[in-house]
Structure formats: structure tokens, C-alpha cells
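Computed from a predicted model, the values in this text were never measured in an experiment.
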Amino acid sequence: MIGYVWSAVDDAPVRELFPGIRLRPLWRGDDGASAQVLEMDPHTCWEGIDVHEPGPEEVFVVSGVFNDGERDYSAGSFIHAPAGSWHVPQTTTGCTLFVFYPEG
């Protein structure tokens, strides 16, 4: 298909953000939008607060159970976090997330 871009998670470069938390970038648009997979090992927690700037964050829980500091989201959950919102990503079970930033 003309204009299609694709990538495979297993082929994406891995960058460790914090101990046990890895980012695999899948795509970045010319306008700053991006798609990535975030892998969190069991009993890991984001260091500090994750603030959604300049735009919103959209998360689909692929596997495991994700906690935003307030509640658990099991596999199959979708979360839309508006611009300016924040959370502290963490997990007790481990999880894999598909994360999309429509505005960078």
C-alpha cells in the first residue's frame, strides 16, 4: 500500500528508561506524533511523575495489569489521558503497553 509504514516490536530498538522499564519506538510522524511499546517488568514503578505535555497520551494495555497510581487496568483496557494530566506508571504483575502520542 502506498504510504504505509510498518514495524515489528521484536525489531524495534530497545531503550531502558528506568530499571525494568523499556521503550520500543515503532513510529514517529513528521508532526511529532509517535507510537511505541512500553514494557514494564513485575514490581516496577516510573521514577517521578509522567506529565502529558504537549498533548494527550493514549494507552492500550496489551498484556498484564497496568496501574496509573490510582487504579489497575487489565489487558484489553484503553486509557485516554488529556494534555496536562499526569500519573505515576507502575505494575505489580508486569505489563506491556501500546502508547500513542497524537500530538507529540
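For CD of Glu70, the number of neighbouring non-hydrogen atoms (other residues, nucleotides, ligands) closer than 6.0 Å is 12 at most. Surrounding CH2 of Trp27 are more than 12 heavy atoms belonging to other residues, nucleotides or ligands, all under 6.0 Å away.
A salt bridge links Arg22 with Glu39: the distance from a Lys NZ or Arg NE/NH1/NH2 to an Asp or Glu carboxylate oxygen falls below 4.0 Å. Ion pairing of Asp10 with Arg24 is absent here, as no side-chain N (NZ or NE/NH1/NH2) approaches a carboxylate O to less than 4.0 Å.
Between the side chain of Thr91 and the backbone N or O of Met40 there is no donor-acceptor pair closer than 3.5 Å. Side-chain atoms of Asp41 do not come within 3.5 Å of backbone N or O of Thr44 as any donor-acceptor pair. Looking at His52, its side chain does come within 3.5 Å of a backbone N or O of Ser85 through a donor-acceptor pair. Using modelled atom types, no side-chain atom of Thr93 and backbone atom of Gly64 make a donor-acceptor pair closer than 3.5 Å.
Across Ala33 and Pro102, no two heavy atoms sit closer than the pair CB-O, 3.4 Å. Shortest non-hydrogen contact noted between Pro25 and Ala12 is O-CB, 3.4 Å. When all heavy atoms of Ser63 and Ala75 are compared, the pair lying nearest together is CA-CB, 3.9 Å.
Ile79 and Val65 end up in different hydrophobic clusters when Ile, Leu, Val, Met, Phe, Trp and Tyr side chains are linked at under 4.5 Å. Val37 and Phe100 fall within the same hydrophobic cluster, defined by Ile, Leu, Val, Met, Phe, Trp and Tyr side-chain heavy atoms under 4.5 Å apart, directly or through other members.
In terms of the side-chain contact (heavy atoms from CB on, under 4.5 Å) criterion, residue partners of Gln90 (sequence neighbours excluded) are, by chain and number, Cys45, Asn67, Val88. With sequence neighbours left out, the ring pair (Phe, Tyr, Trp, His ring centres under 6.0 Å) criterion links Phe18 to Trp46.
If you run side-chain contact (heavy atoms from CB on, under 4.5 Å) between Gln36 and each of Val99, Leu97, Val9, only Val99 comes through.
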- Item | His43/Thr92 under side chain to side chain donor-acceptor pair (under 3.5 Å): CA gap, chis, key distance, verdict | CA-CA 4 Å; His43 306 288; Thr92 56; 5.6 Å; no
